[in-house]
Amino acid sequence: MRHYFTILSQEIRALLFSPITYVTAVLFLLVMGGIFTVILDDYSKQAQEVSPAVNFFASFWIPVFFMVPLLTMKTFAEERRMGTLETLLTSPVSTGEVVLGKFSAAYLFYLLLWGATASFHYILHVYAKDIRFLDSGPLLGGYLFVAVSGLLFVSIGVLASALTRSYEVAAILTFTILFTLIFGFRFLGQTNAMNTEFLHPFKSTVEALQIFNHVEDFAHGVVDTRQMFFYVTGSVLTLIFSVLAVEYKTLNS
Amino acid sequence: MAEIPDITIEVTNLRKSYGPLSAVNDISFKVRRGEIIGLLGPNGAGKSTTMRILTGYLPATSGSVRICGLPVASQPEETKRFVGYMPENNPLPEDMRVSEYLWFRGRLKEMPRAKLRSRIDEVLELCDLKRNRHRIIGRLSKGNKQRVGIAEAILSEPAVIIMDEPTIGLDPHQIIIVRDLIASLRGRMSVIISSHILPEIEATCDRVLIINSGRIVAEGSPTELRHEIFGHTSYRMEFAGDATALAGHLAAIEATLKPVSIGEPDPDGFQVATLMTNSAPDLGEALLTGLPTNGYRIRSLGRTQPSLEDVFLAATRRSWDARLPDKKPLQGDNRAPLPKA
């Protein structure tokens with residue numbers, strides 16, 4: 001693991017120097033700011049049951065769909081296209097270190113951008129001068145959800161990038177997998193077919209994989225270790241697949 | 001780092017196949033410390049594949065590669081420490097500065113920070129990149145990029161340097177600079193370079209391996225190769241005298257010496273003759289003293305050297321001919337069998 005920090009700092013540098021990062025950041029803060037304004041607008045019209053933070057985190061999927069592909073699409077696809085993957089892998093580093101370094105850099109940026117949205121809540125608190133708006137429970141739970149689910153989302157992006165040399169393909173692949181993961185299971189859970197006797201054993205599995213239920217639990221302050229376990233093991237598995245993908249692709253290059 | 005042994009690269013019976021296509025077919029060779037080896041071959045001969053296997057980037061189908069005594073297949077992390085590699089087309093990150101890139105690569109190659117700083121200065125000096133150290137790699141000229149690639153390869157002072165076509169796409173002036181740079185490594189590091197540009201290899205390499213269709217078809221120093229492939233030496237002579245009796249007089253000097261062609265006499269009565277012999281020693285003096293005693297006048301005499309280009313063409317054609325009946329090479333013989341001339 002001695003090269004991990006070398007690769008991590010190199011990747012962070014690459015992200016900082018890439019215009020895509022700034023486009024992503026601006027787009028993300030714009031969209032999140034817009035969502036937050038709309039939520040506040042609703043609250044100003046009539047009383048709501050939950051704190052604004054709960055509604056805010058329920059729309060986590062909107063930024064995830066464009067932000068994760070934009071942050072991760074270049075990780076391996078770019079190196080493979082440029083040929084620098086060959087120089088990287090012929091230096092005494094293991095593929096695992098490379099994958100982990102690239103993943104960590106993208107994940108750090110993911111956290112950083114989400115972290116910037118904390119200012120929304122702070123600004124609201126300062127201007128509204130009402131302690132109820134800065135409800136610490138949903139905020140902590142919500143950001144915990146973002147941090148934990150981000151592990152899986154970003155690792156999916158890294159895997160998609162490791163599978164191809166074109167980053168357009170990587171971005172679309174990431175979007176597709178994320179869409180299936182977030183909306184596919186929701187759709188599956190709502191179909192009538194799931195209520196049949198035959199598929200009954202799967203019903204609870206599909207129920208447990210409802211990411212929208214997870215975010216609601218987290219935002220209400222319910223931290224379920226089963227959900228944490230799902231995201232952490234999911235991301236570890238995805239990263240292992242990324243290592244295999246990188247090695248498999250070089251074997252056949 | 002362990003003591004560097006005398007044999008830095010040892011390749012035995014290396015094979016690599018991509019499905020039914022075999023890219024490298026039973027190659028064996030050894031490289032001694034400080035030697036510069038040229039891999040020569042037409043496109044698709046297996047040069048790049050061989051080099052990639054040496055660096056541990058690609059696994060071999062069978063056979064073994066040892067770098068500084070360690071097997072690449074089972075200890076890739078250790079052997080990669082001994083190797084500086086510049087891949088084909090010299091891929092570099094476009095958006096980094098030269099010194100940043102070298103720093104990053106040096107850290108990856110496990111060089112301590114204090115040593116790395118002075119080593120980068122040294123390498124930049126060596127590759128004449130001092131003025132460009134703060135420039136962005138993507139904006140450098142092709143020659144400068146190539147030198148950045150070479151600087152990166154020699155950065156950690158590895159025992160083995162592998163460069164895949166280091167001079168491709170450079171102008172003649174830049175080629176000379178790169179060639180001198182490679183020659184300056186002689187004696188300290190083992191260098192393998194590949195090329196299909198022949199004067200390149202001839203100027204820099206101690207030993208040449210000619211590869212065709214995944215096999216070594218000829219091996220040796222440029223001079224040895226000339227003799228091995230052609231097996232004869234030819235002379236060009238301008239003489240005046242009796243052309244018909246020339247063959248007899250020549251045979252008296254050396255048994256296999258015979259005129260191949262004799263041109264028309266020019267106004268001064270001199271004719272150009274091409275002579276050929278199987279003997280390796282130089283017959284120049286014997287000709288210059290022997291022929292005038294027989295009444296010939298000689299205006300000029302020269303030994304014509306087949307260029308490495310001829311050697312290369314002959315060797316690759318030979319291997320092509322040899323492959324047609326698909327003869328298997330004999331045990332322990334990695335060359336295609338020689339057709340008898």
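Naming: A, B, ... by sequence-line order, numbering from 1 per chain.
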Chain A heavy atoms under 4.5 Å from M86(B): which part of the residue, side chain, backbone, both or neither?
->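 Looking at M86(B), nothing touches chain A.
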Chain A heavy atoms under 4.5 Å from E94(B): which part of the residue, side chain, backbone, both or neither?
->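 Both parts, backbone and side chain.
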Check: S155(A)/Y107(A) side-chain N/O donor and acceptor closer than 3.5 Å |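 No, because no side-chain N or O of S155(A) sits under 3.5 Å from a partner of the opposite role on Y107(A).
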Whether F36(A) and H121(A) hold their rings parallel, tilted or perpendicular, with breakpoints at 30° and 60° =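 If you compare the ring of F36(A) with that of H121(A), the planes turn out perpendicular.
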In terms of ring plane angle, is the pair Y231(A) and H214(A) parallel, tilted or perpendicular, where the classes change at 30° and 60°?
->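 Perpendicular: the ring planes of Y231(A) and H214(A) meet at over 60°.
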Electrostatic pair K30(B)-E35(B), nearest N-O below 4.0 angstrom =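 No, K30(B) and E35(B) are not salt-bridged.
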Max heavy-atom pair count under 4.5 Å with chain A, selected residue of E152(B), E77(B), R107(B), M96(B) =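 Heavy-atom pairs under 4.5 Å are most numerous for M96(B).
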Top contributor to chain A interface from P76(B), P87(B), G56(B), P91(B) [non-hydrogen pairs under 4.5 Å] =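 Most heavy-atom pairs under 4.5 Å with chain A: P91(B).
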For S94(A), is it the side chain, the backbone, both, or neither that has a heavy atom closer than 4.5 Å to a heavy atom of chain B?
->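 For S94(A), heavy atoms of backbone and side chain both lie under 4.5 Å from chain B.
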Ring centres under 6.0 angstrom apart (F153(A), F65(A)) =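 No.
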Against chain B, work out which of M82(A), E97(A), E79(A) has the most heavy-atom pairs shorter than 4.5 Å and name it.
->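 Most heavy-atom pairs within the cutoff with chain B belong to M82(A).
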